[in-house]
Protein chains: 2
Amino acid sequence: MPEAQALPDTRERILIEASRLLSINGYHGTTTRDIAAAVGISQPSLFFHFTNKLAIVQELYEHDIVPAVAGLENLVVGPGDPAAKLYAMIVGEFGRIADSPYDMRAHISFEALNHPDLAGFRDLVNQFDDLTRLLIRSGQESGQFVHGNAWLAQQMVSGFLVRANLFASSDQVERQINPREGAALVLRSLLIDPETIEQVEERAEELLPRYRSP
Amino acid sequence: MPEAQALPDTRERILIEASRLLSINGYHGTTTRDIAAAVGISQPSLFFHFTNKLAIVQELYEHDIVPAVAGLENLVVGPGDPAAKLYAMIVGEFGRIADSPYDMRAHISFEALNHPDLAGFRDLVNQFDDLTRLLIRSGQESGQFVHGNAWLAQQMVSGFLVRANLFASSDQVERQINPREGAALVLRSLLIDPETIEQVEERAEELLPRYRSP
DNA sequence: GTCTATAACCGGATAGAC
DNA sequence: GTCTATCCGGTTATAGAC
């Protein structure tokens, strides 16, 4: 039987504190000294757990963007109508980020993604956007969504997800995100017939597991 | 009669290039050497035009956030219904950022706003968000907007504005923002009766000058 | 696994010539 | 107004003791 554990191990605490600092100050604005101080170890001790500063960021991105793309891909290729899929994605994404032990709020600030060694993650972020846009286009073509610039609509969805997570704080009740309310907000903007939202919600609930565990 | 001017003066070119680099790499990720190289002068030459690196950012923020808050404030206190005001703000904001000589896309990355000397601008950004939320609440209370978490709705609006501007590029036709389509996208999500959007648009057109020249 | 000491480098800013 | 040379503080990362 495992004992009641006290603190997460040092490696894990580095990831947690780093994610928090990176969300606030960005990659270049967060020093290894800052991270070490937050964890309570000396700065060089970081390099016992990670080969370099970038490796910390890479692991955080791995944890954040990989499951997101996998979940969305799984939703897209599976059964269901575009509206229900989009709804499920938004609910799933709000939930996933809220449940993460890390503070992955703004996908840790896009600024770090310009680093050459993070090109793979940048591609994944773009893929997530592409898939979201695909979902919107499908809905437009199937007559479920109003016609219009799908890129613009996708920016609304993506911007909403990033912003809401970035500024959510559990201290303030007003800022606790209700994933389903967030999803409904977006869907009302896209649906030709907003009255159908309840049925979309019902169908989305069945799709949700496909997003959460691809 | 003024001659046909060639290049903007150096000071102006510094602001233009700095805004571009800051939008991509953030404050800490943009060095004075990067900016100087983009302008085509030596790094110390920057300090003839600006007292320090932060002064460049301050001037850019001044140009970006001050007119935005002034315009929105002017809209809020003036006549008109909340839906038309919100529509006018979104159209005005998309237009204002598109017309700016500077690349103020993500409000130059929020990361810089943590600097103590930029506290004033941070307050202005918060004020812009507060006023947007006020507009949404007014619409909810007057029965024009659906009820719900106004903070969440405001994050959708604010996130949309930042994201769309951040990723807009004149190269790709798909990514050229139509301000009115963007505003309609948001309004459809909030209006109890989406059918009234045409009337909202008409009333908003009259309000637009109030946002543009406070 | 964590420490101290330190190397190697980079970034902002100044001095002073032209 | 712009340059070269340079200072100095801060940052990542390594070496090696415990």
Side-chain angles (χ1 to χ4, degrees), chain A residues 3 5-61 108-109 111-119 121, chain B residues 3 5-61 108-109 111-119 121:
Chain A
E3 290 202 22
Q5 70 183 53
L7 274 177
D9 63 8
T10 305
R11 189 188 156 83
E12 188 62 22
R13 274 159 58 220
I14 291 171
L15 289 168
I16 291 170
E17 294 301 329
S19 70
R20 201 176 48 80
L21 291 165
L22 289 164
S23 279
I24 299 170
N25 297 318
Y27 181 71
H28 299 281
T30 303
T31 70
T32 54
R33 281 173 219 274
D34 294 337
I35 300 170
V39 174
I41 58 177
S42 73
Q43 181 259 348
S45 293
L46 287 180
F47 299 96
F48 173 82
H49 301 278
F50 295 91
T51 57
N52 53 34
K53 182 182 170 185
L54 199 66
I56 301 176
V57 178
Q58 281 174 315
E59 188 150 332
L60 286 171
Y61 269 118
I108 326 180
S109 85
E111 152 231 4
L113 283 179
N114 286 319
H115 195 290
D117 288 4
L118 297 181
F121 293 117
Chain B
E3 290 200 23
Q5 68 182 53
L7 274 177
D9 64 7
T10 305
R11 190 189 155 82
E12 188 61 22
R13 275 161 55 221
I14 292 171
L15 289 169
I16 291 170
E17 295 301 329
S19 69
R20 200 176 49 79
L21 289 165
L22 288 163
S23 280
I24 299 170
N25 298 317
Y27 181 71
H28 299 282
T30 303
T31 70
T32 54
R33 287 176 167 80
D34 294 337
I35 299 170
V39 174
I41 59 178
S42 72
Q43 180 258 350
S45 294
L46 286 180
F47 298 96
F48 173 81
H49 301 279
F50 296 91
T51 56
N52 53 35
K53 181 183 171 184
L54 198 66
I56 302 175
V57 178
Q58 280 174 315
E59 189 152 328
L60 287 171
Y61 268 118
I108 326 179
S109 86
E111 151 230 5
L113 284 177
N114 284 320
H115 195 291
D117 288 5
L118 297 182
F121 294 117

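Residue numbers start from 1 in every chain, and the chains themselves are labelled A, B, ... in the order their sequence lines are given, proteins ahead of strands.
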dT2(D) phosphate, OP1 or OP2, under 4.0 Å from T10(B) side-chain N/O: yes
Interatomic distance where CZ belongs to R11(A) and P belongs to dT2(C) [whole Å]: 13 Å
Whole-Å gap separating C1' (dC10(C)) and CG (N25(B)): 16 Å
Donor-acceptor pairs are to be reported for all side-chain atoms of residues 43-50 of chain B against protein atoms at under 3.5 Å, with residues two or more places apart or in another chain.
unit_1: Q43(B); atom_1: NE2; unit_2: T32(B); atom_2: OG1; d: 3.1
unit_1: S45(B); atom_1: OG; unit_2: S42(B); atom_2: OG; d: 2.9

Main-chain N/O of I24(A) paired with N114(B) side-chain donor or acceptor, under 3.5 Å: yes
Whole-Å gap separating P (dT2(D)) and CG (L46(B)): 10 Å
Minimum side-chain heavy-atom gap I16(A)-E12(A) below 4.5 Å: yes
d(CZ, F50(B); C1', dT2(D)) in whole Å: 16 Å
Atom pair distance, as rounded to whole Å: CG in D9(A) and C1' in dG1(C): 12 Å
Passing candidate, side chain to side chain contact (heavy atoms under 4.5 Å, CB included) with I35(A), options L21(A), I41(A), L15(A): L21(A)
S42(B) side chain near dT2(D) phosphate (N/O to OP1/OP2, under 4.0 Å): no
By salt bridge (charged side-chain N to carboxylate O under 4.0 Å, His left out) - contacts of R33(B) (at least two apart): none
Rounded distance (Å) that lies between atom C1' of dT12(D) and atom CD1 of I56(A): 11 Å
Spacing between F48(B) atom CZ and dT4(D) atom P, to the nearest angstrom: 17 Å
L113(B) side chain near Y27(B) side chain, heavy-atom distance below 4.5 Å: no
Under-4.0 Å side-chain N/O to phosphate OP1/OP2 contact, S45(B) with dC3(D): yes
Protein proximity profile, nucleotides 12-18 of chain C - base contact B, sugar-phosphate-only contact S, no contact -, cut-off 4.0 Å on heavy atoms: BBB----
